[in-house]
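Here is the structure we will look at.
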Amino acid sequence: MPELPEVETTRRGVAPWLEGARVSGVVLRQPQLRWPVPPALARELPGRLVLAAERRAKYLLFRAEGDRTLMLHLGMSGSLRVLRAPRPPGAHDHLDLALESGCTLRFNDPRRFGSADWVAGDPLQHPLLRSLGPEPLGPDFTPDYLAAACRGRKVAIKQLLMNGRVVVGVGNIYASESLFRAGIHPARAAGRISRARLAALVAAIRDVLEAAIRQGGTTLRDFAWGEGQPGYFRMELAAYDRAGQPCRRCGGLIRAVVQGQRSTYYCPGCQH
DNA sequence: ACTGGATCCTGACTGC
DNA sequence: TGCAGTCAGGATCCAG
């Protein structure tokens, strides 16, 4: 269930337990994730301190002693929990990090679209991270930047938003939601949107992601405490998954279409 | 250089 | 109730 807000929520939830903690053991039950998990992870991580829990795009970067980083991606169905006491693993619990404190960091991913890598050196130079676009909540994601990225492009704006080389972290839900907020039709060619409307889109993306992170924050404690996950953030989605339901702004019906094999939701009355 | 399509995998849900 | 078909919050790789 990882959109950028949820990856960030996960990072904030596990960081207090991980930063400054020493890993005592690694249990890898399923090395076949999106890519094979390198055996060096289980060999080299135990005994090291975790220095920092960071995020880039939807990747979690756990920096360890010795210039190494555990790089985790949650894929479509991955989740990360901190257990305060040992608990028998369930289905799809692929990876455990045992900490000297007695806590366990547990990675679960039914569909196995997630990944775990063990990286030497600067993880930001990793092939998967090197060519990524700016963080949507960072200083580089500006109207000028988006306008330059859209210039001359015929691709639908929704698909451009989901291209990690343009901007990271905007997944299928938030692409629909931010376009609804900005009043832009998801199929409109990126290069045929005025600068003013792209500026509104930048603001909409920021607003939606920040609101979702705030909602995720309310469940942080449960997450860190390792108790049942109570539904993560409950956003007031205006468009996503609301096909056939009335638009909250104009009362018209929300429509669903498929773009690039992904469902898109929009209001034909409000978005042009 | 861009763009669309196939692909990895399991589980939940729908309709017959 | 069983079973086939569809769809799912990602994103890389490859053909055209």
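Lettering follows sequence order; numbering is per chain, from 1. Keep in mind that this is a model prediction, so the values were computed, not measured.
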Using a cut-off of less than 4.0 Å, is there contact between a side-chain N or O of [X] and OP1 or OP2 of [N]?
{"X": "Ser263(A)", "N": "dA8(C)", "answer": "yes"}
{"X": "Arg262(A)", "N": "dG10(C)", "answer": "yes"}
{"X": "Lys154(A)", "N": "dC2(B)", "answer": "no"}

Sugar-phosphate only, base, or nothing, as touched by Arg112(A) at under 4.0 Å among non-hydrogen atoms: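 Result for Arg112(A) = sugar-phosphate.
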Sugar-phosphate, base or nothing in reach of Gly171(A), heavy atoms under 4.0 Å: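 Sugar-phosphate contact only - Gly171(A) comes under 4.0 Å of backbone atoms but never of a base.
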Among dT12(C), dA8(C), dG9(C), the one nearest Asn172(A) by side-chain distance: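 From the listed options, dG9(C) comes nearest.
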Shortest side-chain distance from Arg153(A), nucleotide among dC9(B), dT12(C), dC2(B):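 Looking only at heavy atoms from C-beta outward on Arg153(A), the closest nucleotide is dC2(B).
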For the pair made of [atom1] in [X] and [atom2] in [N], what is the distance, rounded to whole Å?
{"X": "Gln32(A)", "N": "dC8(B)", "atom1": "CD", "atom2": "C1'", "value": "11 Å"}
{"X": "Lys158(A)", "N": "dA11(C)", "atom1": "NZ", "atom2": "P", "value": "13 Å"}
{"X": "Leu160(A)", "N": "dA11(C)", "atom1": "CG", "atom2": "P", "value": "15 Å"}
{"X": "Phe113(A)", "N": "dT7(B)", "atom1": "CZ", "atom2": "C1'", "value": "8 Å"}
{"X": "His73(A)", "N": "dC9(B)", "atom1": "NE2", "atom2": "C1'", "value": "15 Å"}
{"X": "Leu33(A)", "N": "dC9(B)", "atom1": "CG", "atom2": "P", "value": "11 Å"}
{"X": "Glu3(A)", "N": "dG9(C)", "atom1": "CD", "atom2": "P", "value": "8 Å"}
{"X": "Gln261(A)", "N": "dC7(C)", "atom1": "CD", "atom2": "P", "value": "11 Å"}

Stem regions touching DNA chain B, defined by at least 3 consecutive Watson-Crick or wobble G-U pairs below 3.5 angstrom: B:2-8 with C:10-16, B:10-16 with C:2-8
What are the two closest non-hydrogen atoms of [X] and [Y], and how far apart are they?
{"X": "Ala116(A)", "Y": "Leu33(A)", "answer": "N-CD1, 4.1 Å"}
{"X": "Cys250(A)", "Y": "Gly269(A)", "answer": "SG-CA, 4.5 Å"}
{"X": "Ile193(A)", "Y": "Arg188(A)", "answer": "CG1-CD, 3.4 Å"}
{"X": "Arg63(A)", "Y": "Thr69(A)", "answer": "CD-OG1, 4.0 Å"}

Any donor-acceptor pair under 3.5 Å from Arg112(A) side chain to Gln32(A) backbone: yes
Less than 4.0 Å between a side-chain N and a carboxylate O, is that true for [Y] and [X]?
{"X": "Arg68(A)", "Y": "Glu44(A)", "value": "yes"}
{"X": "Glu135(A)", "Y": "Arg56(A)", "value": "yes"}
{"X": "Arg12(A)", "Y": "Glu8(A)", "value": "yes"}

Polar pair under 3.5 Å, donor/acceptor by atom type, side chain Glu6(A), base dG9(C): yes
5' priority, DNA chain C, between Arg165(A) and Tyr240(A) [closest heavy atom]: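 Result: Tyr240(A).
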Nearest-nucleotide comparison on DNA chain B, the residue closer to the 5′ end among Val155(A) and Pro110(A): Val155(A)
Euclidean distance for P, dC9(B) against dC3(C) (whole angstrom):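 dC9(B) and dC3(C) have their P atoms separated by 24 Å.
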